Amino acid sequence: MPLKATALIVSIIICADTLGAQQVWNDPRTRDLVTRATERRASQIADTALADYKATAHGYVTFLAQFGEGFPEPPKIVKADELGLEVYWRAPDLSKQRIMGRRDTLLLPTDINYHRDHLGIVQNNFRNIIRIGEGDEVRDVPHPLSAAGLEAYDFAISDSLQIRLGPRVLDVYEVKVRPRDDRQPRAIGAIYIDRETGEVVRMAFSFTRAALIDKELEDVSVVLENALIDGRFWLPRRQEIEIRRTGSWLDYPARGIIRGRWEICCYEVNKGIPASYFTGPEIVMAPPAERAQNPFPFTGHILDSLPPDVRAVTDEDVQKVQEEARALVRSHALARSRNFAFSARQLSDIVWFNRVEGLGLGGGILQRIGAGFAVAASGRYGFSDDQFKGRGALEYRTGAGSSLALAGLRQYRDVSDEPERSLIINSVAAQEFGSDYTDTYDARAISLSGSLARLGWRPSFELAYERHEPLAVHAQPANGKFEATIPALSLHETQVTLGLDRGASLTFGGFELGAHLSASAIRRAAPSGLEPGDFLRPSVMLDLQKPFGSSRLVLHTRAAGVFSGDTLPPQHLVYLGGPTSGPGYDFHEFVGRGGVSQRVEYRFLAPFVGIPLGRFGHTPATITLAPFATAVWIDRSPAFASPRQGWYQSAGLGALTLFEMLRLDVARGLRDGRWTFSVDYGRDFWSVL
């Protein structure tokens, strides 16, 4: 029988009679529609016209990791599996899926093993009781379109849509679904139902906290789309699932994500598949001989064929599901029950070493008090300067990630617009060799800050009143000698800072763009030796990357400046120079009122030795080479007797190995520079180190 399936949605047109924004829950028309849909869903199982079918499914199961406070950057792929399945179904409700092809690629060490049902598709829009992760992640959730679901959920028709399928037009209702008791294991979201037949066209939903068995889960989101096959049967066409989890003990900015994406096609209906074919587990690996004889037709390399948006912070369809869930139920029905946690924004908040504090220890706590509010406190102590530093804050955060915080703090603030090395490597280098790539001053402040989520660009603000004091060297390294700290001025000032952030995401020409823009308006009270004054300090960071197969072009821009006619405090000048902003030159060799660092780098794979890591896999038998060129421009400031002004170029070669977690650079400054060599963690991991 030839395939007569038509794409699910060629175009969707909002009907002229689109319903108003006001939703009416459980009105007679809605109840009649969902009752018919429930009956139709049950009758399809017993529908003698659909005895069985066979189909092909092609999909990706990807494990990703996301780092950084607030998770502003896109996830990093840890492991990607590409799978090809033969899918079988037989009335009344027998399902079999045979894996005919599977290939994977490991980009970071991991011993993750997926639940069996992550490696297959969902048949019949789930059974009457929904389970995910073989019941370890989600279980005991009544399907909204089941006899139990009609009693457990509220329904409301939200929109009326038309779906064009060639010459045929179908009227579809979007029905919102919310639990009557959000303290029970329930689904939340929307179901799209054909008005005439009661068939399910699409389902998009998340779950209440009570439905999530694994307490480390943040949320689970599911999108199921069906296609009209042979002009009669609505069967699976496209599916997505996203499972996000973080640690349950330490409030630490690291998250693991499992994303599954499937396309189903090539249906053969009523072929007489015998019942004996469905014995044993539902999802199995086909025997090696059969897979060798009938290999699944994968094309190219797995990373080349991954969907281009797989590294997005959140898939657009999944994001809509999560927003819908937040809109339909109370926030505590989705929130994790963890009210108290120890917190650390990065490993170097726990232990570190620098020239001012020497060895330091620290930590923090976070106490949630309900309705999105939390009290946060953190502290640190340096054993060489004998000083306590800390921060206390009352914070408010919405389920979507917008935030507001009132805080008081004392911290040793670094003048760098961009860190030159990871803090954990800096601690080792400072302790052992007297090489400290931080320039700090003492800042005490009261601030009100906030940010707005759910936009492509994330706006933020901060209003602060601050007091600054200079610092001195107190520590002694094992070898060598520390340089002096910067001569920061004692002063009081008021700052208003506006920011705009974009996590790396796809933009024009296939590039990934990440950006941070900020501008601080500062009013300075009169310190010793300076008159009161006002000045503006803008800062720009742009990170632009484009893959070319297994290679990648990386462009990184950092620029900052200070606009004022007055003499400026050293702590507000622009500091460049070092392995990141000026390789081939000394740390903070360039100091001035304005500066720009532009880096161009091209990364490509070269043969190397693979290193076995036991149960965590093995490193690829390749190394990433990264030739680069950097140009620094600096506008000298009279506050510093620095001879550097104008353009300074450098060139070098980087090598990334051990899953790109380790980077080695050698560079040469081309204008009065020198040879430099550096070893550090990959920059993607700095935010948690």
Side-chain angles (χ1 to χ4, degrees), residues 59-66 71 75 78 81 112-123 125-146 149 152-153 176-179 182-191 202-225 236 238-248 254-262 283 310 312-338 399-401:
Y60 300 89
V61 180
T62 312
F63 178 57
L64 307 102
Q66 196 172 12
F71 304 114
V78 177
D81 289 70
I112 185 173
N113 288 308
Y114 300 119
H115 287 93
R116 185 183 295 269
D117 59 359
H118 293 161
L119 305 178
I121 70 166
V122 175
Q123 296 271 52
N125 300 308
F126 286 109
R127 292 184 166 86
N128 287 338
I129 297 296
I130 297 174
R131 294 165 57 93
I132 297 176
E134 299 177 283
D136 291 337
E137 293 163 339
V138 174
R139 70 167 178 253
D140 299 332
V141 176
H143 196 294
L145 299 182
S146 66
Y153 296 95
K176 303 295 186 188
V177 180
R178 71 181 185 191
D182 57 21
R183 293 168 297 183
Q184 300 297 319
R186 298 290 185 264
I188 319 139
I191 302 175
R202 188 176 190 266
M203 296 180 67
F205 54 90
S206 185
F207 299 94
T208 61
R209 173 55 47 188
L212 305 182
I213 305 304
D214 186 342
K215 299 308 178 185
E216 294 187 349
L217 287 174
E218 284 188 63
D219 50 57
V220 176
S221 303
V222 177
V223 178
L224 308 178
E225 288 186 2
R238 186 179 76 91
Q239 300 185 358
E240 293 185 52
I241 183 169
E242 179 170 299
I243 301 167
R244 302 191 302 179
R245 53 168 49 88
T246 56
S248 59
R255 168 191 285 161
I257 304 170
I258 296 175
R259 285 182 178 165
R261 298 185 178 189
W262 296 93
I283 301 173
V310 73
V313 173
T314 302
D315 177 82
E316 183 177 355
D317 282 342
V318 171
Q319 183 176 3
K320 290 179 180 178
V321 171
Q322 295 165 353
E323 292 175 355
E324 189 69 48
R326 288 190 288 266
L328 291 177
V329 299
R330 298 172 294 176
S331 59
H332 78 265
L334 303 174
R336 299 174 69 175
S337 58
R338 179 181 54 164

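Just so you know, these numbers come straight off a predicted model, no measurement behind them.
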statement: In terms of heavy-atom contacts, A210 and R183 come closest through CB-O, 3.2 Å

- prompt: Are M203 and V222 close enough that some pair of their side-chain heavy atoms sits under 4.5 Å apart?
  reply: no

- request: Keeping the roles fixed (side chain from Y114, backbone from I258), state whether a donor-acceptor pair exists under 3.5 Å.
  value: no

- request: Identify the heavy atoms of P185 and T208 that sit nearest to each other, and give their distance.
  value: CA-OG1, 3.8 Å

field: Euclidean distance, N125 CG relative to E225 CD, rounded to 0.5 Å
entry: 11.0 Å

query: Mind checking what makes salt bridge (Lys or Arg N to Asp or Glu O under 4.0 Å) contact with D117, not counting sequence neighbours?
result: none

field: From Y153 atom OH to Q184 atom CD, the distance as rounded to the nearest 0.5 Å
entry: 10.5 Å

- request: Can you measure from CD (E216) to CD1 (I243) and round to the nearest 0.5 angstrom?
  value: 13.5 Å

field: Smallest separation among heavy atoms of R116 and I283, with atom names
entry: NH1-O, 2.6 Å

field: Any residue meeting ring pair (Phe, Tyr, Trp, His ring centres under 6.0 Å) with H143, in chain and number order, not counting sequence neighbours
entry: none

task: Taking R244 for its side chain and V220 for its backbone only, find out whether a donor-acceptor pair lies under 3.5 Å.
output: no

query: According to the salt bridge (Lys or Arg N to Asp or Glu O under 4.0 Å) rule, which pairs have a member within residues 127-140, sequence neighbours left out?
result: D93-R127, E137-R245

- request: Would you please test D81 and Y60 for side chain to side chain contact (heavy atoms under 4.5 Å, CB included) and show each step?
  value: CA-CA 6 Å; D81 289 70; Y60 300 89; over 6 Å; no

- prompt: Got a second to check how far H115's NE2 is from I132's CD1, nearest 0.5 Å?
  reply: 11.5 Å

- prompt: Is any side-chain heavy atom of I191 closer than 4.5 Å to a side-chain heavy atom of L145?
  reply: yes

query: side chain to side chain contact (heavy atoms under 4.5 Å, CB included) between F205 and V177: does it pass, once the steps are laid out?
result: CA-CA 9 Å; F205 54 90; V177 180; over 6 Å; no

- prompt: Does the pair R186 and I188 meet the rule for a side chain to side chain contact (heavy atoms under 4.5 Å, CB included), with working shown?
  reply: CA-CA 7 Å; R186 298 290 185 264; I188 319 139; 5.6 Å; no

query: Does a side-chain heavy-atom distance below 4.5 Å link W262 with V122?
result: no

- prompt: Taking R209 for the side chain and E218 for the main chain, is one N or O donor matched with an acceptor at less than 3.5 Å?
  reply: yes

- prompt: Which distance, rounded to the nearest 0.5 Å, do you find between the CD1 of I257 and the OG1 of T246?
  reply: 10.5 Å

message: Any non-hydrogen side-chain atom of L64 less than 4.5 Å from a side-chain atom of R259?
response: yes

Sub-4.5 Å side-chain heavy-atom contact between F207 and L212: yes

Stepwise side chain to side chain contact (heavy atoms under 4.5 Å, CB included) test for F126 and V141: CA-CA 10 Å; F126 286 109; V141 176; over 6 Å; no

message: Looking at S221, is its backbone amide N or carbonyl O close enough to the side chain of S206 to form a donor-acceptor pair, meaning the two atoms are under 3.5 Å apart?
response: no

- request: Identify the heavy atoms of A187 and P144 that sit nearest to each other, and give their distance.
  value: CB-CG, 4.5 Å

message: Quick one, R261 and T62 - any side-chain contact, counting heavy atoms below 4.5 Å?
response: no

